[in-house]
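First the structure, in the form of structure tokens, and then the observations on it.
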Amino acid sequence: MAQRKPIVAGNWKMNGSIELVSEISTAVNECKNKQVDVIVFPPAALLTKMAEFGVEVGTQTISEFDSGAYTGELSAELAKQLGATYTLVGHSERRAIFGESNEAVANKFAKAQENGLIPVLCVGETEEQRESGETEKVVAEQINAVISKLGIAALSNSVLAYEPVWAIGTGKTATPEQAQAVHKFIRDMLSTQSEPVAQALQILYGGSVNDKNSKSLFTQPDIDGGLIGGASLKADAFVSICNSALGNV
Ligand code: PGA
């Protein structure tokens with residue numbers, strides 16, 4: 001099996017403050033090491049400040065357009081100038097609350113790569129979809145929207161995050177077995193198109209990950225780390241989640 005470096009990513013959503021930037025940055029810098037990549041996705045207004053602490057940062061979304069009359073949007077080019085190296089695309093809150101379609105997400109994915117940002121493509125099913133047996137279909141459609149626009153090779157410079165919508169912010173984590181089953185489905189599906197791309201792709205799990213459950217999730221063979229929401233706002237919990245990704249290389 002390919003050796004994939006684990007990633008622990010913190011998604012602050014619309015939370016945090018200048019004070020929290022310095023608190024979390026100090027904690028992240030203390031646990032920085034060569035065996036796990038730690039990335040923080042703070043609100044865009046805090047990007048530069050956090051990058052100045054030497055923490056790897058990304059944006060929570062980017063515009064699918066280059067520039068122009070799109071009030072409130074942030075371009076990939078500007079995100080890069082602000083210090084971002086990654087960007088989330090297609091987070092379920094963007095899809096559900098802001099109506100982002102699979103096509104818009106694919107456009108954002110493309111725009112990120114054109115501007116030298118690594119996209120973290122977020123996919124996942126709702127509770128209703130899981131209950132009606134549509135998990136694999138939904139996840140496949142979300143990923144295929146990117147592949148049909150850009151080709152399978154585009155995934156080799158990206159990260160994937162499987163985040164079941166019913167597990168986000170609910171305290172209802174997928175079991176390690178449930179998460180592993182979907183991660184394996186994704187990797188198998190991609191390997192029919194390119195075995196090297198499928199084996200090298202880091203696939204993160206997200207949805208109510210905390211310092212108690214991270215280890216059992218991260219030790220699953222196809223789970224390469226996590227995308228952490230609520231627990232990434234607490235320095236102690238986030239550091240212990242980062243540490244729990246060690247040894248999983
Ligand atoms: P959560 O959020 O860890 O608070 O469930 C995860 C996410 O939305 O990325």
Donor-acceptor side-chain pairing of Asn102 and Gln142 below 3.5 angstrom | no
Nearest-0.5 Å distance, CG of residue Asp66 to NZ of residue Lys111 = 3.5 Å
Please tabulate, one pair per line, all N/O donor-acceptor pairs under 3.5 Å involving side-chain atoms of residues 36-57, not counting sequence neighbours.
| from | atom 1 | to | atom 2 | distance (Å) |
| --- | --- | --- | --- | --- |
| Asp37 | OD1 | Lys5 | NZ | 3.1 |
| Thr48 | OG1 | Leu82 | O | 3.4 |
| Glu56 | OE2 | Thr85 | OG1 | 3.1 |

Roughly how far, to the nearest 0.5 Å, is the NE2 atom of His91 from the CZ atom of Phe98?
-> 11.5 Å
Any chance you could measure Glu163, atom CD, to Leu227, atom CG, to the nearest 0.5 Å?
-> 4.0 Å
Could you walk me through whether Tyr205 and Asp222 pass the side chain to side chain contact (heavy atoms under 4.5 Å, CB included) check?
-> CA-CA 10 Å; Tyr205 168 78; Asp222 288 293; over 6 Å; no
Whether His183 and Tyr162 hold their rings parallel, tilted or perpendicular, with breakpoints at 30° and 60° = perpendicular
Have Ser208 and Thr173 got a donor and an acceptor in their side chains that come within less than 3.5 Å?
-> no
Should Leu121 and Ser158 be marked as a side chain to side chain contact (heavy atoms under 4.5 Å, CB included) after you check the CA-CA gap, both sets of side-chain angles, and the distance that decides it?
-> CA-CA 8 Å; Leu121 174 64; Ser158 75; 5.9 Å; no
Under 6.0 Å from the CD1 atom of Ile97, do we count more than 12 heavy atoms belonging to anything else shown?
-> yes
With no hydrogens and no angle check, is any side-chain donor or acceptor of Asn213 less than 3.5 Å from a backbone partner on Val209?
-> no
When rounded to the nearest 0.5 angstrom, what is the spacing between CD1 in Ile168 and OG1 in Thr126?
-> 11.0 Å
When you look at CD of Glu195, are more than 12 heavy atoms from neighbouring residues, nucleotides or ligands closer to it than 6.0 Å?
-> yes
Distance from Ile118 atom CD1 to Thr87 atom OG1, nearest 0.5 Å?
-> 11.0 Å
Glu128 and Trp166: side-chain donor and acceptor closer than 3.5 Å?
-> no
Would a distance-only check, ignoring hydrogens and angles, find a side-chain to backbone donor-acceptor pair under 3.5 Å from Arg4 to Ala200?
-> no
Do any pairs count as a salt bridge (charged side-chain N to carboxylate O under 4.0 Å, His left out) and have a residue in residues 79-102, sequence neighbours left out, and if so which ones?
-> Lys13-Glu93, Arg94-Glu100, Glu100-Lys108
Ser67 OG to Phe65 CZ distance, which is reported to the nearest 0.5 Å | 11.0 Å
